[in-house]
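For the single chain, residues carry numbers from 1 onward in sequence order. As the structure is a computational prediction, the values presented were derived from the model and not from experiment.
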Amino acid sequence: MKASNLFYQSRARRPEVDRAEGIYIWGKNGQRYIDGSSGAMVSNIGHSNPNVLAAMKAQMDSATFAYRLHFENAPAEDLATAIADRTPAGLDKVFFVSGGSEAVESCVKFARQWAVADGQASRWKVISRFPSYHGSTLGALAITGYGPLTNAFAPLFKEMPKIPAPTCYLDRDNLSDHDRGLKYAEMLRDEIIAQGPDTVLAFAMEPVGGASTGALVAPDSYYGRVREICDEFGVLLIMDEVMSGVGRTGTFLASEHWNIRPDLVALSKGFGAGYAPLGAMIADKAMVETVLDSGGFAHGHTYAGNPLACSAGLAVLNEIDRLDVMTNARIMGEILMAGLMDLMARHPFIGDVRGKGLLTAFEMVSDRDTMSPLPKDLNAYERFVEICYERNLITYSRRTRGGVEGDHFLICPPLIATEAQINEILNILDDSLRDFARECASEV
């Protein structure tokens, strides 16, 4: 019997991958698939970019590993400089990791160590939002608000306080978007006071929602007020840009859309862009100096700053500049959003379309007026993905409302996508939505 290194859900096994190029992936079944979600929002510059592969090959011919406590390496130093050049002033210290969960957990552990070194040892609580997803390690799960992923492990970690995510599209009140944004921001202030300001270390959030909320964007008023509240109480602002960063929304960091300067940033996914496991924590220089003066950051990973991974990351950033993919993300994002809005006009069970740049999603509902979700046992979040896959389009889905119900679908192609390719995706989505409606005629 052939052994398997994966745990599969009840769905049918996927075809074995053969090759990939641009926005396409070929299976050994001979089928070509459109990577409509960039994997898990990873492949920002597309697959098999020859310049990235050449840079990695050159590094492989030199050295593939050098432990960071024994040697410095040029790719890591150059990549850190390149990141610092792209981030707000003062955010110029970089700690490399191998993925998003590690990046988030590094932010949390660094924040705590800084507080202790700064004479604020009473601060340890990290407030986050519900629903939210910040990673699969135990520390990251503690600030994640997504029952199906956290419940089984709850005895193993200390759950952190949560406030509601700014799901304004579900609200049925007479407030303006501006006032709704402020309403949700004030929930942070209320929670800090309820927890005891001297005990609150940080607030962690995604500037544009990822898998847990489906490209959720708060009203503009939300972001600046959150920064003000954090400053009022001396609470650190951690921006989880694992999914939204590195150009996905049309700026290097999504928080740039609102001129927000976080205290700590977590990067991954599009950072390594599928070429190598890579992530980073970006930290404030003054905070880093405080931690170093106290004896150093008591944290690390064997592959942190790996020269091969960093050579890939540096080449990815060079390609982002050379191809001007952030501009393309903004332009193609507008085309994609307009197309999704058109699909919403033609398919009444689409209740909301949202996102920024090429981080977009739509949510299915049973009633637009009340925004009540589709019946849970319909399993729309799984079935619609299968219908799209049968038409050779890869999408990414989750359940919006705490992971229990509500079905959203992320449409996030690589940032190199052309208008013709965006239209091809939209056409397949349209056909798939019709198929789904026919299958579930009594429910949608």
Student: Testing the 3.5 Å rule here: is there a donor-acceptor pair between the side chains of Asp171 and Tyr184?
Tutor: yes

Student: Applying salt bridge (charged side-chain N to carboxylate O under 4.0 Å, His left out), can you list everything that pairs with Arg401, at least two apart in sequence or on another chain?
Tutor: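 Per chain and number, Arg401 pairs via salt bridge (charged side-chain N to carboxylate O under 4.0 Å, His left out) with Glu363.
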
Student: Per the ring pair (Phe, Tyr, Trp, His ring centres under 6.0 Å) rule, what does the pair list look like for residues 390-411, sequence neighbours excluded?
Tutor: Phe362-Phe409, Phe384-Phe409

Student: So, does Arg261 use its side chain to make a donor-acceptor pair with the main chain of Ala89 at under 3.5 Å?
Tutor: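 Pair found, side chain donor or acceptor close to backbone of Ala89.
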
Student: Compile the donor-acceptor pairs under 3.5 Å between side chains in residues 152-167 and protein atoms, sequence neighbours left out, one pair per line.
Tutor:
| residue | atom | partner | partner atom | Å |
| --- | --- | --- | --- | --- |
| Lys162 | NZ | Ala142 | O | 3.1 |
| Lys162 | NZ | Met160 | O | 2.8 |

Student: With a 4.0 Å cut-off, would you call Asp352 and Arg368 a salt bridge?
Tutor: no

Student: Side chains of Arg123 and Trp114: closer than 4.5 Å at any heavy-atom pair?
Tutor: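 Arg123 does not reach Trp114 side chain to side chain.
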
Student: What pairs of residues pass the side-chain hydrogen bond (donor to acceptor under 3.5 Å, both in side chains) test when at least one of them lies in residues 286-296, not counting sequence neighbours?
Tutor: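 Pairs touching residues 286-296 that pass the test: none.
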
Student: Hey, does Leu410 have a side-chain heavy atom less than 4.5 Å from the side chain of Thr395?
Tutor: no

Student: Please list, chain by chain and in numerical order, all residues satisfying side-chain hydrogen bond (donor to acceptor under 3.5 Å, both in side chains) with Asp321, sequence neighbours excluded.
Tutor: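 Counting only residues at least two positions away or on another chain, Asp321 forms a side-chain hydrogen bond (donor to acceptor under 3.5 Å, both in side chains) with Arg86.
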
Student: With no hydrogens and no angle check, just 3.5 Å: does a side-chain donor-acceptor pair link Asp35 and Ser38?
Tutor: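 No.
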
Student: Give every donor-acceptor pair under 3.5 Å between a side-chain atom in residues 190-197 and any protein atom, sequence neighbours left out.
Tutor:
| residue | atom | partner | partner atom | Å |
| --- | --- | --- | --- | --- |
| Glu191 | OE2 | Gln195 | NE2 | 2.8 |
| Gln195 | OE1 | Lys125 | NZ | 2.9 |

Student: Could you tell me if the side chain of Val265 sits less than 4.5 Å from the side chain of Pro262, heavy atoms only?
Tutor: yes

Student: If you take all heavy atoms of Leu378 and Cys440, which pair is closest and at what distance?
Tutor: CD1-SG, 3.7 Å

Student: Is the closest basic N to carboxylate O distance between Arg227 and Asp263 below 4.0 Å?
Tutor: yes

Student: Which heavy atom in Ala283 sits nearest to a heavy atom in Leu264, and how many Å separate them?
Tutor: CB-CD2, 3.6 Å

Student: What is the distance from atom CZ of Phe203 to atom CG of Leu188, rounded to the nearest 0.5 Å?
Tutor: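 It comes to 5.0 Å.
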
Student: Take Leu358 and Ile411 through the side-chain contact (heavy atoms from CB on, under 4.5 Å) test and state the conclusion after the steps.
Tutor: CA-CA 8 Å; Leu358 283 174; Ile411 311 301; over 6 Å; no

Student: May I ask you to establish whether Arg68 and Tyr303 are in a cation-pi arrangement, using a distance under 6.0 Å from NZ or CZ to the six-membered ring centre and at most 45° from the ring axis?
Tutor: no

Student: Do Ser268 side-chain atoms and Gly100 backbone N/O form a donor-acceptor pair below 3.5 Å?
Tutor: yes

Student: Side chain of Glu241, backbone of Val246: donor and acceptor closer than 3.5 Å?
Tutor: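 Side chain of Glu241 to backbone of Val246, a donor-acceptor pair under 3.5 Å: no, none is there.
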
Student: I want to know whether Phe130 and Tyr146 have ring centres closer than 6.0 Å.
Tutor: no

Student: Checking side-chain contact (heavy atoms from CB on, under 4.5 Å) against Ile34, which of Ile25, Asn392, Leu393 comes through?
Tutor: Leu393

Student: For Ser372, which residues count as a side chain to side chain contact (heavy atoms under 4.5 Å, CB included) partner, sequence neighbours excluded?
Tutor: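 Testing Ser372 for side chain to side chain contact (heavy atoms under 4.5 Å, CB included), a comparison that skips the adjacent residues, returns Ser366, Asp367, Thr370.
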
Student: Is the closest side-chain heavy-atom distance between Val404 and Lys376 below 4.5 Å?
Tutor: yes

Student: So, for Thr400 and Pro131, which heavy atoms are closest and what is the spacing to 0.1 Å?
Tutor: O-CG, 3.3 Å

Student: Within the 4.5 Å heavy-atom criterion, are Glu319 and Asn49 side-chain neighbours or not?
Tutor: yes

Student: Could you tell me whether Glu186 and Lys183 have a side-chain N and a carboxylate O separated by less than 4.0 Å?
Tutor: no

Student: Output all residues satisfying salt bridge (charged side-chain N to carboxylate O under 4.0 Å, His left out) with Glu228, sequence neighbours left out; order by chain, then residue number.
Tutor: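 With sequence neighbours excluded, Glu228 shows a salt bridge (charged side-chain N to carboxylate O under 4.0 Å, His left out) to Arg225, given in chain and number order.
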
Student: For Val288, run the side-chain contact (heavy atoms from CB on, under 4.5 Å) check against Leu292, Asp284, Val291 and tell me which one passes.
Tutor: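 Of all the options given, the one that passes is Leu292.
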
Student: I need the minimum non-hydrogen distance between Val365 and Leu374, along with the two atoms involved.
Tutor: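 Closest pair (atom of Val365, atom of Leu374, distance): O-CD2, 3.4 Å.
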
Student: Looking at every non-hydrogen atom in both residues, tell me the closest pair between Ala40 and Lys269 and how far apart they are.
Tutor: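 The pair with the smallest heavy-atom distance is O-NZ, 3.0 Å.
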
Student: Counting N and O atoms only, with roles assigned by atom type, does the side chain of Ser432 sit under 3.5 Å from a partner on the main chain of Ile428, one being a donor and the other an acceptor?
Tutor: yes

Student: Assess whether side-chain contact (heavy atoms from CB on, under 4.5 Å) is satisfied between Val235 and Ile229, documenting all intermediate values.
Tutor: CA-CA 8 Å; Val235 171; Ile229 292 167; over 6 Å; no

Student: To the nearest 0.5 angstrom, please state how far the OG atom of Ser397 sits from the CE atom of Met364.
Tutor: 9.5 Å

Student: Between Arg172 (side chain only) and Asp369 (backbone N and O only), is there a donor and an acceptor less than 3.5 Å apart?
Tutor: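 Indeed, once roles are kept as given, a pair shorter than 3.5 Å links the two residues.
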
Student: With sequence neighbours left out, which residue pairs that include part of residues 325-355 fulfil the ring pair (Phe, Tyr, Trp, His ring centres under 6.0 Å) condition?
Tutor: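 Output for this query lists His347-Phe349, Phe349-Phe436.
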
Student: Just jot down the side chain to side chain contact (heavy atoms under 4.5 Å, CB included) partners of Glu256, sequence neighbours excluded, or say none.
Tutor: Thr251, Phe252, Leu253

Student: Between His134 and Ser128, is there a side-chain donor-acceptor contact under 3.5 Å, judged purely by atom types and distance?
Tutor: no

Student: Could you note down all residue pairs passing ring pair (Phe, Tyr, Trp, His ring centres under 6.0 Å) where residues 84-109 supplies at least one of them, sequence neighbours left out?
Tutor: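 Residue pairs passing ring pair (Phe, Tyr, Trp, His ring centres under 6.0 Å), neighbours aside: Phe95-Phe297, Phe95-His299.
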
Student: Would you mind reporting whether Leu314 and Pro75 have side-chain heavy atoms less than 4.5 Å apart?
Tutor: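 Pro75 does not reach Leu314 side chain to side chain.
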
Student: Mind checking side chain to side chain contact (heavy atoms under 4.5 Å, CB included) for Asn328 and listing every partner two or more places apart, or none if nothing turns up?
Tutor: Met332

Student: Looking at Val316 and Gly270, what are the two nearest heavy atoms and their distance?
Tutor: CG1-O, 3.8 Å

Student: Check for a donor-acceptor pair, side chain of Thr360 on one end and backbone N or O of Gly355 on the other, with a separation under 3.5 Å.
Tutor: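 Flag not set: sc Thr360 to bb Gly355 has no pair under 3.5 Å.
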
Student: Determine whether the side chains of Glu105 and Thr137 contain a donor N or O and an acceptor N or O closer than 3.5 Å.
Tutor: yes

Student: At what distance, to the nearest 0.5 angstrom, does CG of Asn44 lie from CE of Met326?
Tutor: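 Between atom CG of Asn44 and atom CE of Met326 there are 10.5 Å.
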
Student: Identify whether the distance between the nearest side-chain nitrogen and carboxylate oxygen of Glu206 and Arg248 falls below 4.0 Å.
Tutor: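 Result for this pair is no, no salt bridge flagged.
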
Student: For the backbone of Ala218 and the side chain of Tyr223, can you confirm whether one donor and one acceptor N or O come within less than 3.5 Å of each other?
Tutor: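 Between the backbone of Ala218 and the side chain of Tyr223 there is a qualifying donor-acceptor contact (under 3.5 Å).
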
Student: Looking at Arg398 and Asp407, is there a salt bridge between them, counting it only when a charged N and a carboxylate O are closer than 4.0 Å?
Tutor: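 Answer for the salt bridge query: no.
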
Student: Got a donor-acceptor contact below 3.5 angstrom from the Tyr275 side chain to the Ser48 backbone?
Tutor: yes

Student: Are any non-hydrogen side-chain atoms of Asp220 and Asp177 less than 4.5 angstrom apart?
Tutor: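 With C-beta onward as the side chain, the pair stays apart.
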
Student: Do any N or O atoms from the side chain of Ser101 and from the backbone of Gly135 form a donor-acceptor pair under 3.5 angstrom?
Tutor: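 No: the side chain of Ser101 does not pair with the backbone of Gly135.
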
Student: Is there side-chain contact between Thr213 and Arg129, with heavy atoms separated by less than 4.5 Å?
Tutor: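 A side-chain contact under 4.5 Å is absent here.
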
Student: Taking Gln421 for the side chain and Thr418 for the main chain, is one N or O donor matched with an acceptor at less than 3.5 Å?
Tutor: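 It does hold such a pair.
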
